[in-house]
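Read the structure below first, then the notes.
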Amino acid sequence: MENNLIIVESPAKAKTIKKFLGKDFLVKSSFGHIRDLEKKNFGIEIENNYRPQYVISEDKKKIVSELRKSAKNVKIIWLAPDEDREGEAIAWHLFEVLKLKPDNTKRIVFHEITKNAIQNAINNPRNIDKNLVDAQQARRILDRMVGFKLSPVLWEKIKPALSAGRVQSVAVRLLVEREREIIAFKSKSAFKVTAIFEFLDKNNNKVELKAELPKKLETKEQALDFLNKCKNAEFEIEEISTKPLKKSPSPPFTTSTLQQEASRKLGFSVSQTMAVAQKLYEAGKITYMRTDSVNLSNIALTLAKKAISDKYGMKYSKSRKYKTKTKGAQEAHEAIRPTYLENKSVSGSNTEQRLYELIWKRTIASQMSDALLEKTTVIIRISTMEEKLIASGEVLKFDGFLKVYKVSAEEEDQETSKGLLPPLKMNQKLSPEIISATEKFTNYPPRYTEGSLVKKLEELGIGRPSTYVPIISTIQNRGYVVKEDRPGKEREYVLLSLINNTIKKETRIEIAGVEKSKMFPNDIGMVVNDFLVEHFKDILNFNFTASVEKEFDEIAAGKIVWTEMIDKFYRAFHKKVEKTMESSEWSKGERELGTDPKSKKIVTVKIGRYGPVAQLGKSGDAQKPKFASLLKGQHIETIILEEALDLFKLPRILGKYENKDITIGVGRFGPYVMHNSKFYSLQKETDDPFTIKMGRAIEIIEDKREEDRKKVIKTFEENHDLKILKGRWGPYISFKKENFKIPKNKDAKSLSLQNCLDLIKNRQKSKAKTPKIK
DNA sequence: CAGTGAGCGAGCTTCCGCTTGACTT
């Protein structure tokens, strides 16, 4: 029987620690927090000096009782959660819930999981830091107050089941404000001049030199004027200069930078990255994946140095220490790094291997030498004017860290690929092959991706590594935002080119504004945001978290008492909640678009009971107003009168097919063709419900019929309700509008009717057995 | 695949941070 019990948060950590400790230590995990505020009745006794009502979480009851049992059988209990605010609170809750005694309970912390670090921690125990715990309680209680007082205001004033919170509401605000910037953005165009010179080098090889005019020309006239002056001009090299350039590696990964890079380089979503990282962590292949620290342990530094000199040579190695700059970082862990830096790759699924390799490269690169480059700039004189053309190129002199890790382009602006320049001489004469002036449009500010949103939140000190994934899913689940692709629009641009002293004018078409996996605010997100910003400005302020964090720090330092801080906050906050409940209007984001020329009625758009809707006429009028839902892609903020009027033209009857009406309409699942009371979806990109013709409608119907025929794998004469069909996840049984899985080891084609019926019966039985929780 | 804000009105929704399962139609 062991004499010691160590409790940590994570089972994977427990497993690792166990290896370093002798038989006398029992190592267990609490699986994170074990208690939380009661959900019913607010969980805070306002009248009793904000006394928190803690309850053991349903899914932790079993763990708590196990821990209680273990604690009884040992002499000393070591509480070893992380050394940050939340970790301290976990230790304190454990102390309270397990009814531990001060004389045989010790609080220890370690920053890396090594035998030495753990031994060192055990030799230097301390008591639970109650001030730090109080800071956490204040954080928890403030979040509950904000969330559980604000959300009901939204239910009352906008729509049921909405939510607001210190973190999520600011995340939505960022997206809404960016969207408005984009809506208001006016694109300007200017002309970019590039020249290509061709000449023969000393080996008589044809070489090209590409040069640019550093400033853009504002108008087409200026561009034409410039090209005209280039006619019969002489071009000559005026200056060649080189200067050395240095590039340094990025720090090793934190949760947020890993999420961004995995998204950019591997195309992973934020949640996918975390799921894969969790697997690697559980397998002992990487360190903990939820961290805000860029710090590497001394062991890691030594391992990195050895791995780099073994693989690439000593001159590639350079030990570096990185400092965390992020606001509010708690740094309870190391940066995310491979546990064994000598392993460049690992076994596992394809995604695991790729993510591991990314982590390995980034970690190793962070401990490598700078890359050294030489940048050459060539200035070309034009005989007919003052302006100069500039060509530049880069040569890599020493690759350094670039040997393993290419820095990914932060923003897309990589127009000129900088390569080697051909050998050139001072005063060398050049003759242009082509000089062109291309019309370029300024771009609106970029929409957020999941990763860039996380980055922004982190910069503002909002949210924690463990919450980035939940934040993103919450704001989507509430319908405030969607992540999606949107097609671009065609745009004309002018291309002027000077070839053989003649100017050619062309108009070309480019696709602009294509969006891939971007976060877009929905109408409801905008309405909720506007409401919150109007009535709860301070909480929606981007600095709100930072300023309360300062107060939490003071609580942790013992300078202020947590109940006093909370009292001050709550009094002011609660007054605002009450005032808003009483006085504010129903908020539906209504916008008037204009008057229908036919009926002379007013057209408005707003959030209706079932989502964004257009309304023709006023609700008080003698004639009841007409309503029509907005289509996907239409928004209250941007829809115009003509588009809204079109909505009232549906549903419309196109004609007859097989003696039945064909009707076009828009329903819950988007635009449809209805025929013989069956629905067929229109193609998202190609079909327009307002203009679709009979022929195309019939085509859609026939296509769907054909597809359905192909889906059928097997039918049975004896029972027409039952079919074996081919679906997205393989074959399945369809029976009276319900679908049933076919076990992987069974061949769908050879199933008999009886087999199928058995499978159905089995599923129904197992379903009945599953007890309903919650 | 329809309805579009109160003329019956129960009982519910909701926060942020720590952790991993169990569950996959």
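Everything numeric here is computed off the predicted structure, so don't read it as measured data. These numbers come from the heavy atoms of this one structure, side chains and all, not from hydrogens, waters or symmetry mates. In what follows, chains carry the letters A, B, and so on, assigned in the order in which the sequence lines appear, proteins first and then strands, with residues in each chain numbered from 1.
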Donor-acceptor pair (no angle test) under 3.5 Å: [X] side chain, [N] base:
X	N	value
A/S10	B/dT20	no
A/R139	B/dC16	yes
A/R140	B/dC15	yes

Between [atom2] of [N] and [atom1] of [X], the distance in whole Å:
X	N	atom1	atom2	value
A/K159	B/dA6	NZ	C1'	16 Å
A/I63	B/dC18	CD1	P	18 Å
A/F552	B/dG17	CZ	C1'	12 Å
A/H33	B/dC15	NE2	P	17 Å
A/L94	B/dT19	CG	P	13 Å
A/H93	B/dC16	NE2	P	18 Å
A/I664	B/dC1	CD1	P	17 Å
A/L630	B/dT4	CG	P	16 Å

Original post:
Which residue pairs satisfy the side-chain hydrogen bond (donor to acceptor under 3.5 Å, both in side chains) criterion with at least one member in residues 673-682 of chain A, sequence neighbours excluded?
Top reply: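 Output for this query is empty, none listed.
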
How is [X] classified with respect to the nucleic acid when contacts are heavy atoms under 4.0 Å: base, sugar-phosphate, or nothing?
X	value
A/F42	nothing
A/R464	sugar-phosphate
A/V146	nothing
A/L142	nothing
A/G87	nothing
A/I158	base

Subject >> Whichever of A/R166 and A/E282 has its nearest DNA chain B nucleotide further upstream toward 5' >> reply: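 Final value for this comparison: A/R166.
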
**OP:** Find which nucleotide of DNA chain B each of A/W155 and A/Y288 is nearest to by heavy atoms, and output the residue with the more 5' nucleotide.
**Re:**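 Closer to the 5' end of DNA chain B: A/W155.
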
Original post:
Closest to the A/S163 side chain: B/dG5, B/dT19, B/dC15?
Top reply: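 Closest nucleotide to the A/S163 side chain: B/dC15.
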
Original post:
Which of the following nucleotides, B/dT14, B/dG21, B/dG17, is nearest to the side chain of A/T467?
Top reply: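 Nearest to the side-chain atoms of A/T467, counting from C-beta on, is B/dG17.
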
**OP:** Please report the shortest heavy-atom distance between A/T273 and A/L355, naming the atom on each side.
**Re:**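 Taking A/T273 first and A/L355 second, the nearest heavy atoms are O-CD2, 3.7 Å.
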
Original post:
Closest heavy-atom contact between A/P689 and A/P671?
Top reply: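 Closest heavy-atom pair between A/P689 and A/P671: CG-CB, 4.1 Å.
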
Subject >> Contact under 4.0 Å: A/Q278 side-chain N or O vs B/dT20 OP1/OP2 >> reply: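 Checking B/dT20 against A/Q278, a side-chain N or O does come within under 4.0 Å of OP1 or OP2.
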
Original post:
Hey, does the side chain of A/R290 come within less than 4.0 Å of B/dT20's phosphate (OP1/OP2), counting only N and O?
Top reply: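 A/R290 to B/dT20 OP1/OP2: side-chain N or O found under 4.0 Å.
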
Original post:
What class does the angle between the rings of A/F573 and A/F569 fall in, given that below 30° is parallel, 30 to 60° is tilted and above 60° is perpendicular?
Top reply: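 Ring orientation, 0 to 90° scale: parallel.
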
**OP:** Taking atom P in both B/dC8 and B/dT4, compute the distance separating them and give it to the nearest angstrom.
**Re:**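 Those two atoms are separated by 16 Å.
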
Subject >> Separation between the C1' atoms of B/dG5 and B/dG9, rounded to whole Å >> reply: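 To the nearest whole Å, 15 Å.
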
Original post:
If you measure from the Lys or Arg side-chain nitrogens to the Asp or Glu carboxylate oxygens, is any gap between A/E549 and A/R85 under 4.0 Å?
Top reply: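 Judged by the 4.0 Å cut-off on N to carboxylate O distance, A/E549 and A/R85 do form a salt bridge.
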
Original post:
So, are A/D646 and A/K649 salt-bridged, with charged N and O less than 4.0 Å apart?
Top reply: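 Judged by the 4.0 Å cut-off on N to carboxylate O distance, A/D646 and A/K649 do form a salt bridge.
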
Original post:
Is A/F679 stacked on the base of B/dC1 when the test is centres under 5.5 angstrom and planes under 30 degrees?
Top reply: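 Yes, A/F679 stacks on the base of B/dC1, since the ring centres sit under 5.5 Å apart and the planes are within 30°.
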
